[in-house]
Q: 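Structure in structure tokens, see below.
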There are 2 protein chains.
Amino acid sequence: MAKSSAKKKREPAEDKVGTICRALRRAIIEQALEPGAKLPEDALGERFGVSRTIARQALGQLAAEGLVELRRNRIAVVATPSWQEARITFDVRMELERLVVRQLAGQLNKAQLAELKAHVDKEDAARNGPDAISIRLATEFHILLAQMTNSPILTRYVSEVSYRCCLTLSAFSRPHSADCGITEHRAIIDALAKGRTDEVMSMMHHHLDAVATRALVAPAKQRSQDLVDILAPYADEAEAAPVKPRRSAA
Amino acid sequence: MAKSSAKKKREPAEDKVGTICRALRRAIIEQALEPGAKLPEDALGERFGVSRTIARQALGQLAAEGLVELRRNRIAVVATPSWQEARITFDVRMELERLVVRQLAGQLNKAQLAELKAHVDKEDAARNGPDAISIRLATEFHILLAQMTNSPILTRYVSEVSYRCCLTLSAFSRPHSADCGITEHRAIIDALAKGRTDEVMSMMHHHLDAVATRALVAPAKQRSQDLVDILAPYADEAEAAPVKPRRSAA
DNA sequence: TGCGCCCAATATGTATGCACTTTATCGGGC
DNA sequence: GCCCGATAAAGTGCATACATATTGGGCGCA
């Protein structure tokens, strides 16, 4: 809302790379693109009406965010987070979001609080819709919080790690096990409004811990992954040698 | 073109983009490139013997890491962190590194401990050398720790935020005020070896807090920046006047 | 003298072409 | 029938070319 007010005759900044990135990000977190899905530069370029150059830049950016994997001379694919990485990813996210609410506690004005509540209402409305939408909205709630800190780097890190958690959810969690608790979101808003710093930090901690636990209770859904992914955790045991897991000829 | 025999030579993968990134990163954290320094694609390409395409990709990656600023249709420049961003950057770093040592406490083998000690010895040897080298080595110590967690994302985030802290140091700290305490590094290694998790987390916290405090005691050195940088915070109010909550500039 | 406009030099934004690598297809030997 | 090597197709790696935007300087006019 506030961001469109300062626009004058600002042309469509022509940010083609950003457009493609946003589209792909959304497709990925809504699970339209599952982990491992191929992303050929040609196809992307054709779909978005740009050349491979632009598609390639977009893929590069998403790779920097950890959402896609870029292998030399190979088709880029949607990243496939490993199970043990999932744990630490959620840990990182917990700490970052604790920082966010620490910054925000007691600092939000009425407009911001209203925006947050409106967003949770949207989550509520989408509760019975497809899982993917719920997950996206829940993630966007956390990103919205981060943006309100007015700190670019905190926003960037929280966004990235949240998207990555989304990806993890889409890789490991069973249907309906991954929804962010809407009630907890409301409680966090309330605690933020009242400026109870320690309390809201603790709430955020437990909230994300609950999400992680619900999602990672068991390494389910592994069946759909490639064989090498299933074997990855076992291969790690013997990682003392710098040997790289090579995919056996199928 | 059949490989006549079973000879499979692994080429050095020719990672040109990565090479340029590493070179620029190092130049930036050693303050050979100060914040605000221009980075024209042509010049980079010529210097590294590649085309603009590659130089551009490298700049894109560094921009994703927050080390360079990319403005549309304008020459890329080394990022100029703002003073209030510096505070939150160090906060993020503190939390991330607490996670690192939490993972590592009591888990390191002798070879790893020896590697850490050897690195601190290098820091010690460089103590009387140029500041830039000391800062780089101190930063690399923290990155080395992160790498030992064997977690790519933790490594990536710690690296990025550490580099960014370096950049902040180079922008704000006065000579000799920024050196990481070597004694504290040794103490951290010792506590890690003894597996005292809570203690080492606390030590890391205070260690980084001390670095931040030494570095950010006062917004000095602003004078050396370009005028536009000094005026940036004030310009922000002009262009986004409407409803944006204003942060008080020190 | 000083202000403002126009134009060339410079630099970025993007598409396209070519070389090389990987992958898929197909035919022959065991 | 199955495995293996050759060959074609597909895709990426990279450089170059051209279009467009910004910057700096010179010239004219008040």
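Atom set for the values below is all heavy atoms of this structure, side chains included, hydrogens, waters and symmetry mates excluded. All chains are named by letter (A, B, ...) in the order of the sequence lines, taking the proteins before the strands, and each is independently numbered beginning at 1. All of these numbers come straight from a predicted model, not from anything done at the bench.
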Q: Identify, with sequence neighbours excluded, every residue that meets side-chain hydrogen bond (donor to acceptor under 3.5 Å, both in side chains) alongside A/R56.
A: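 Scan of A/R56 (side-chain hydrogen bond (donor to acceptor under 3.5 Å, both in side chains), adjacent residues dropped) gives A/E41.
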Q: Mind checking side-chain hydrogen bond (donor to acceptor under 3.5 Å, both in side chains) for A/E160 and listing every partner two or more places apart, or none if nothing turns up?
A: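 So A/E160 forms a side-chain hydrogen bond (donor to acceptor under 3.5 Å, both in side chains) with A/R156, B/R156, B/Y157.
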Q: Rounded to the Å, how far apart are B/K38 NZ and C/dT12 P?
A: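 Distance, rounded to whole Å: 10 Å.
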Q: Tell me, which pairs form a ring pair (Phe, Tyr, Trp, His ring centres under 6.0 Å) where one or both residues lie in residues 36-82 of chain B, sequence neighbours left out?
A: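 Matches after skipping sequence neighbours: none remain.
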Q: For D/dG11, does OP1 or OP2 lie under 4.0 Å from any side-chain N or O of A/R74?
A: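 For D/dG11, OP1/OP2 do not have a side-chain N/O of A/R74 under 4.0 Å.
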Q: Rounded to the nearest angstrom, tell me the gap between atom CD in A/E41 and atom P in D/dG13.
A: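 Distance check: A/E41 CD to D/dG13 P gives 6 Å.
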Q: Of the options D/dG11, D/dT22, D/dG13, whose atoms approach the side-chain atoms of A/N73 most closely?
A: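 Closest nucleotide among those given: D/dG13.
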Q: Please report, rounded to the nearest Å, how far the P atom of C/dT22 is from the CZ atom of A/R71.
A: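 Distance, rounded to whole Å: 12 Å.
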Q: Roughly, in whole Å, what's the span from CD1 in A/I20 to C1' in C/dG13?
A: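 For the pair A/I20 CD1 and C/dG13 C1', the rounded distance is 13 Å.
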Q: Which residues pass the side-chain hydrogen bond (donor to acceptor under 3.5 Å, both in side chains) test with B/T89, not counting sequence neighbours?
A: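 None.
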Q: Please name all residues satisfying ring pair (Phe, Tyr, Trp, His ring centres under 6.0 Å) with B/F90, sequence neighbours left out, ordered by chain then number.
A: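 Expected list: none.
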Q: Separation of A/L39 atom CG from D/dG11 atom C1', in whole Å?
A: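 Rounded to whole Å, this separation is 13 Å.
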Q: What is the distance, to the nearest angstrom, from the CZ atom on B/R72 to the P atom on C/dT12?
A: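 Between P of C/dT12 and CZ of B/R72: 13 Å.
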Q: Looking at B/R25 and B/E65, does any basic side-chain N land under 4.0 Å from a carboxylate oxygen?
A: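 Salt bridge present between B/R25 and B/E65.
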Q: For B/E46 and D/dA15, what is the distance between atoms CD and C1' respectively, to the nearest whole Å?
A: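 Spelled out: CD on B/E46 to C1' on D/dA15 is 15 Å.
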Q: Looking at residues 48-59 of chain A, who's got a heavy atom less than 4.0 Å off DNA chain C?
A: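 Per residue number, the list reads A/V50, A/S51, A/R52, A/T53, A/I54.
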Q: Once you round it to whole Å, what is the distance between P of D/dG11 and CG of A/L70?
A: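 Nearest whole value for this atom pair: 16 Å.
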